[in-house]
Amino acid sequence: MSLDCARPGALWALLLPFVFLALVRLVARPPERATGTLELWQELAPERPSGARARGRFPPWALLTALALLCAALAWLGPRGARAAAPRAWTCVVDRSPSMGLPLAPGAGTTRLAAALASAEAWLAENAASDERVRWLAPERAPLELARGTRPPGDWLEPETDGAEPERGEPVWERHDRPGTLWLTDRAPRAERMHAGLFASGGAAVPGPIAADARETVVWEDGALRTEARPRSFAVLVREAAPGRLPPVLERMLTAWCAARGFELVRSPRADVRLVIEVPALAGSAGELALARDGWQATGTVARRAAAPDPAEAALRPHEDWLVGRAPGGSEHAAVRARRGHVEVLLGALSEPAGDPALFALSWARLLERSLLCAPGVLALEERLAAGEALVAPGEDAAPEAARGRDAGSDLGPYLDAGLALAAGLAVAVAWLGARATDRRAGGRPPVEPWRSRRRRNQ
Amino acid sequence: MARGTLELPSPGVRFAPDFLARVGRLIDRLASQRERREGDGRARLFGVGSEFVGYRPYRSGEDLRALDWNLLARLGRPFVRVAAREASEHWVVWLDTSASMGVGVPGKLQLGAELATALAALGLARRARVELWLSGGARPLALEKRVGLAPWMRALEGARASGRSGLAALLARAPDLGGAGRVFLIGDLLDLEPPAAAALARPSRELFLAQILAREELVPAPEGAVRWVDAEGGGARELWVDDAAAKGYERRLGARLERWRRTAGCVRAAWGCWTSDTPFETLVRELCTRAG
């Protein structure tokens, strides 16, 4: 248990009790009392401290007054307990935007992520104790708590590669603006930073593709955009629990969309897959439901997945319900769910849509376009822009709260101050009463009964 | 002694303007009490003249001439006729004026002087001849008429608590007491051994020992370091006075007072101990009420 204080400027007040006792020693010489019974005191002398020893002791009122001064000085100081024994927990929030994977400068061997990590680790090495822990946070990654000096695994740190949606890898900085938190990014976020430290790698602009489809690629270079005719092979993978599980109406629509976009519809994994259509094994049908979206209607059967998805994966990269079936009783069941690069179809059967078939095709095409992964090497233009100079700003209160005693001890601080002030007051009162009692003792105690000896009365 | 001689807190005597009035009221009250009590046949110390006031049991060693033979014949037990003292009774007051009597506030000498004067006034009222002997060596002051009270009080106001001569010094003049019927020793009795004082007692003489101590002498306060200085220049001692020290002191003083009590009892002398801030009326009333 180490101690901190709320008002370090009052440290000098701790000297007051000692100054007071020194003054008492110097000024308050023992009072002289004339007596006719010195002989009795001298008989007592061998049993009692005398001379210098007598002067070396302080009367109770002086000790109590010194105690009161000590309590008052402590109350002024405002002692705060800090649990130094408990290791402080630092937090590093890592930006996994695609830009973090870019080289620090064209041709440089180190990435922006590596530079930001190195900067933060160097600062932690100086400011954090070796036994302290660091909690690592990043979007779509499970939190890690590691010893200081230990870096998370490479795949955990790996920036997002889907350049079409760069914000997906960027933390919501506002949620992590706390003391003891270090933001690791390549440029200062727009979010206002109050407590957290910032370790930005900076970095030069990195020219390259910013958009691509099966036929053309848009390249940003020298501050200008140009289009290159660069045929690419892209695939859409249909992953079925059993062959023929994908409803025929969806199969037809998917085939048409792939043909229009130049994608190949495949049923076995490939390296150039940019979208997975998954039709898992289903269990427990909810019956025939009404399905409607974007102006089309149909009916279909919906069921739950037979095997629950990985909860960690589901928590980190949740799906969005795109199509919901409504039962006659009013209950709703997810029929189609989607996330980036993945569409999950939970339909057992799907009727031909009523109304204009184009509405049905457009609705599904928008879902598929939105879910497509970006082509490898393609990054949004804003990711490729220069990130500026490197920036290290740990902030005044970058240390975790525990390091500055703002734990339970700080909450009790005002009460502790009040208690010490009360103790000082009590000590003064007791000193005063004690001094008065000492003065009164001679006057208040009944003396020896007068006339201990009486002459026998005449009868 | 590095700090030189210590100034005594109350070395002198100063009678309050209303002192004589207080003495007068005290004597009147005592007289009225005596009148109320005479009916019960018990003897009173401060009776007037030679009038018969009652009987009391005979005590071994008493003058057989006082024995009432008629009562002895009728009751088979000896009784002594008690009469008020003769007008010619002789009282002697010894007052300690040594330096130790200047201790206390008010001082021991102040109370001693007030007691001596009140006793003198009482003696005059009882037609006694009162003599005041001061331990400082001054000539005895005799008082036979009330007009002599003023010089008496002036003499006392001129006395100072000083020197080492206390009541022990007056013992050498004990033979001069002659036929004094009552002898009052007023002082702190610290320079006197109880047997020496007891030697003044006679069958025909009543001895009164009024021991006056300062309050801090009787009950010291546990006030920490104190430098105790002998008022008569006998040295000094610095001590830490806490509860234990105060109790140790009181134990020793108590043993000494107990010796006084036992010795006084043996010779049928009256002894008492008061603090110097006790009103003199209290002391006189105790004497009048209690003494045989």
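The sequence lines fix the lettering, A, B, ..., with proteins before strands; numbering per chain opens at 1. Below, each value reflects all heavy atoms present in this structure, side chains not excepted, and no hydrogens, waters or symmetry copies. Keep in mind the model is a prediction, meaning the values are calculated, not measured.
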So for atom CZ, which belongs to A/R175, do other residues, nucleotides or ligands contribute more than 12 heavy atoms lying within a distance under 6.0 Å?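 No.
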Is atom CZ of A/R193 surrounded by more than 12 heavy atoms (other residues, nucleotides or ligands) closer than 6.0 Å?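 For A/R193, atom CZ is crowded (more than 12 foreign heavy atoms under 6.0 Å).
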How long is the gap from CD on B/E250 to CG on A/L44, to the nearest 0.5 Å?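 The distance works out to 11.0 Å.
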Atom CH2 of A/W41 and atom CZ of B/R252: how far apart are they, to the nearest 0.5 Å?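 Reported value, rounded in 0.5 Å steps: 10.0 Å.
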Work out which heavy atom in B/S100 is nearest to a heavy atom in A/G36; give both atom names and the distance.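 Where B/S100 meets A/G36 most closely, the heavy atoms are CB-CA, 4.0 Å.
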Can you name the closest pair of heavy atoms from B/V103 and A/A34 and give their distance?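 Heavy atoms only, the tightest pair is CG1-O, 3.4 Å.
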With sequence neighbours left out, what residues match B/R256 under side chain to side chain donor-acceptor pair (under 3.5 Å)?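 By the side chain to side chain donor-acceptor pair (under 3.5 Å) rule, B/R256 matches A/E39.
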Do A/T37 and B/Y249 touch side chain to side chain, with heavy atoms closer than 4.5 Å?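 The answer is yes; the side chains approach within 4.5 Å.
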Side-chain contact, heavy-atom cut-off 4.5 Å: B/R237 with A/L38?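 The answer is yes, as the side chains (C-beta and beyond) meet within the 4.5 Å cut-off.
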With only heavy atoms counted, which part of B/D230 is less than 4.5 Å from chain A, the side chain, the backbone, both or neither?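 The answer is both parts of B/D230.
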Identify every side-chain donor-acceptor pair in residues 418-435 of chain A under 3.5 Å, counting partners at least two apart or on other chains, and give the distances.
none

